[in-house]
Protein chains: 2
Amino acid sequence: MSECTDIYTIAAQRLTEYMKGKNIRKTPERFEILRIVCQTPGIFSIDELHEIMEQKAKFQVSRVTLFNTMKLLEDAKLIIKHTLARAAHYECCINPHPLVCMVCQKCGMVRKLESSKIENWLSEQKCKQFIITQPVLYFHGLCRSCMVKSSIKKRSRVKSEK
Amino acid sequence: MSECTDIYTIAAQRLTEYMKGKNIRKTPERFEILRIVCQTPGIFSIDELHEIMEQKAKFQVSRVTLFNTMKLLEDAKLIIKHTLARAAHYECCINPHPLVCMVCQKCGMVRKLESSKIENWLSEQKCKQFIITQPVLYFHGLCRSCMVKSSIKKRSRVKSEK
DNA sequence: GTCAGTGCAAACTTTTTGCAACTAC
DNA sequence: GTAGTTGCAAAAAGTTTGCACTGAC
């Protein structure tokens, strides 16, 4: 928890910095949402975040505000938006680094890979026509579980740790 | 056009092969959709495909059938599904290869990169816990046009060549 | 003839918008 | 006090489902 608090402190500073001179107000909702986002491991949807806010954090906030705040946090580069499933999913990302994700085409499971080579590869690329803010490498395939079970169940939403 | 026809011939063979022994029927809708998909460059949404079918191909087909058929073609590995925007986008991909896409965070533009190095990098990866069927590397960032214009217009849908 | 496929309408899910009340500045 | 923010309700957008009809096998 103390580590989470540290992350939140940094994140809150960055958000304050981002807001500066932009006519963007520091509302309690925005900082409480950021706090929960920092405390939530893995990726989550708006609905999941809404439930966490109400159940765990006992903080009432509307879905509309969550949508708006996610956009703000994304612009401030404090979270990353994944649109792998029908509903967008987000994750806290205080120190953006190249993400390597395994996405199961059957169950929607997402797993992250550690990789230094991809970073080297990325640094070699010359992209004058494009400012890269966040590279994400998705591997679409089948996870071990779905490899074994040959069930024909429908592709579900992205799973997150509950 | 002759090249497109060739691609369709190969695709139709693959689809037929995929359907074999699966109780999946060869309907004219499915093959006509596949033909148009093979003739359509770049990425497209269900709605865009629906318009092309009606306007250019003069072939009446419902959106429901397009959704179903896209699922079938995806399973048959003849198309790739991108979920970068609110609406899913698809592209024909007869010979799947690692895709490297630049996605503009502002206007939603998608551009493909040529890259052989990413293929080498991928071949080095050992993924025993995962069968990779399609690697896609997305660069999220800003395209040249949005770099210059500092307009604050909202992020729009994925653009495709019209 | 059977049952998978099609297409309409309706339901459902996710996201956006309009608007009144609120509040950070 | 002003204007950005919140949150409700409603609309919009994308996708799925129920069901009757059709047609591939």
Side-chain angles (χ1 to χ4, degrees), chain A residues 12 15-16 18-34 36 43-51 53-54 59-76 79 81-90 108 152-158 160, chain B residues 12 15-16 18-34 36 43-51 53-54 59-76 79 81-90 108 152-158 160:
Chain A
L15 183 58
T16 305
Y18 176 79
M19 288 167 152
K20 205 171 279 178
K22 279 199 182 70
N23 257 3
I24 301 176
R25 290 185 181 167
K26 296 188 220 161
T27 66
E29 284 84 358
R30 286 172 172 167
F31 284 89
E32 186 62 17
I33 291 167
L34 181 60
I36 304 305
I43 75 174
F44 49 84
S45 66
I46 291 286
D47 263 20
E48 285 162 351
L49 181 58
H50 191 245
E51 204 183 309
M53 297 287 302
E54 298 221 316
F59 191 92
Q60 284 282 343
V61 70
S62 76
R63 280 178 176 77
V64 178
T65 302
L66 286 182
F67 274 111
N68 291 337
T69 306
M70 288 297 105
K71 239 171 265 172
L72 173 70
L73 297 183
E74 206 192 338
D75 289 341
I79 59 170
K81 183 180 183 180
H82 298 279
T83 45
L84 296 163
R86 183 161 162 184
H89 281 70
Y90 303 86
I152 323 159
K153 77 169 181 179
K154 273 190 180 173
R155 184 183 317 184
S156 64
R157 304 291 148 70
V158 174
S160 60
Chain B
L15 184 57
T16 304
Y18 177 79
M19 288 167 153
K20 206 170 278 179
K22 277 200 182 70
N23 252 7
I24 301 176
R25 293 183 180 166
K26 296 187 220 161
T27 67
E29 283 84 358
R30 285 172 172 167
F31 284 89
E32 186 62 17
I33 291 166
L34 181 60
I36 303 307
I43 75 173
F44 49 84
S45 66
I46 291 287
D47 265 19
E48 286 162 350
L49 181 57
H50 190 246
E51 204 182 309
M53 298 286 303
E54 297 221 318
F59 190 91
Q60 284 281 342
V61 69
S62 76
R63 280 178 176 77
V64 178
T65 302
L66 286 182
F67 275 111
N68 292 336
T69 306
M70 289 296 106
K71 240 171 263 170
L72 174 70
L73 298 183
E74 205 189 339
D75 290 341
I79 58 170
K81 183 181 182 179
H82 298 278
T83 46
L84 296 162
R86 182 160 165 186
H89 281 70
Y90 303 87
I152 321 157
K153 76 169 182 181
K154 272 191 179 169
R155 184 181 318 183
S156 65
R157 304 291 147 70
V158 174
S160 62

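If you're wondering where the values come from, they're calculated on a predicted model, not measured in any experiment. All chains are named by letter (A, B, ...) in the order of the sequence lines, taking the proteins before the strands, and each is independently numbered beginning at 1.
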Taking all atoms of both residues into account, what is the closest heavy-atom pair of B:Leu66 and B:Ile46, and its distance?
CD1-O, 3.8 Å
Where at least one partner belongs to residues 20-34 of chain B, residue pairs that pass salt bridge (charged side-chain N to carboxylate O under 4.0 Å, His left out), sequence neighbours excluded
B:Glu17-B:Lys20, B:Glu32-B:Arg35
B:Glu54: which residues meet the side-chain contact (heavy atoms from CB on, under 4.5 Å) condition with it, sequence neighbours left out?
B:His50, B:Gln60
Under 3.5 Å, which N/O atoms of the protein pair with N/O atoms of nucleotides 21-25 of chain C?
residue	atom	partner	partner atom	Å
C:dA24	N3	A:Arg25	NH1	3.1
C:dC25	OP1	A:Lys26	N	3.4

Starting from P on D:dT16, measure out to CZ on B:Phe67 and report it in whole angstrom.
6 Å
What is the separation between atom CD1 on B:Ile33 and atom C1' on C:dG5, rounded to the nearest whole Å?
11 Å
Which whole-number value in Å describes the distance from B:Glu32 CD to C:dG5 C1'?
16 Å
Contacts of A:Thr83 that satisfy side-chain contact (heavy atoms from CB on, under 4.5 Å) - sequence neighbours left out:
A:Lys81, A:Ala88
Report the distance from atom CZ of B:Arg30 to atom P of D:dC25, rounded to the nearest whole Å.
10 Å
Rounding to an integer number of Å, can you tell me how far A:Lys71 NZ sits from C:dT15 C1'?
8 Å
Given D:dC8, D:dG14, D:dT6, which nucleotide is nearest the side-chain atoms of B:Asp47?
D:dG14
How long is the straight-line distance from NE2 of A:His89 back to CD1 of A:Ile79, given to the nearest 0.5 Å?
12.5 Å
On a heavy-atom basis, the closest approach of A:Ala76 and A:Leu15 is CB-CD1, 4.2 Å
A:Met53 CE to D:dT6 C1', straight-line distance once rounded to whole Å
13 Å
Take the protein atom CG of A:Asn68 and the nucleotide atom P of C:dT14, then report the distance between them rounded to whole Å.
18 Å
Contact nearer the 5' end of DNA chain C, comparing B:Val61 with A:Arg63
B:Val61
Axis-to-axis angle for the helix from C:dG1-D:dC25 to C:dC25-D:dG1, ends of five pairs each, to 10°, equals 40°
Tell me every residue that passes side-chain hydrogen bond (donor to acceptor under 3.5 Å, both in side chains) with A:Thr69, counting only those two or more places apart in sequence or in another chain.
none
Is there a side-chain contact between B:Tyr18 and B:Leu73 (heavy atoms, below 4.5 Å)?
no
Does any part of the side chain of B:Thr65, heavy atoms only, come nearer than 4.5 Å to the side chain of B:Ile33, both counted from C-beta?
yes
For B:Lys22 and D:dC25, give me the distance from atom NZ to atom C1', rounded to whole Å.
17 Å
By nearest atom, which of the nucleotides D:dG4, D:dT16, D:dT15 is closest to the B:Ile46 side chain?
D:dT15
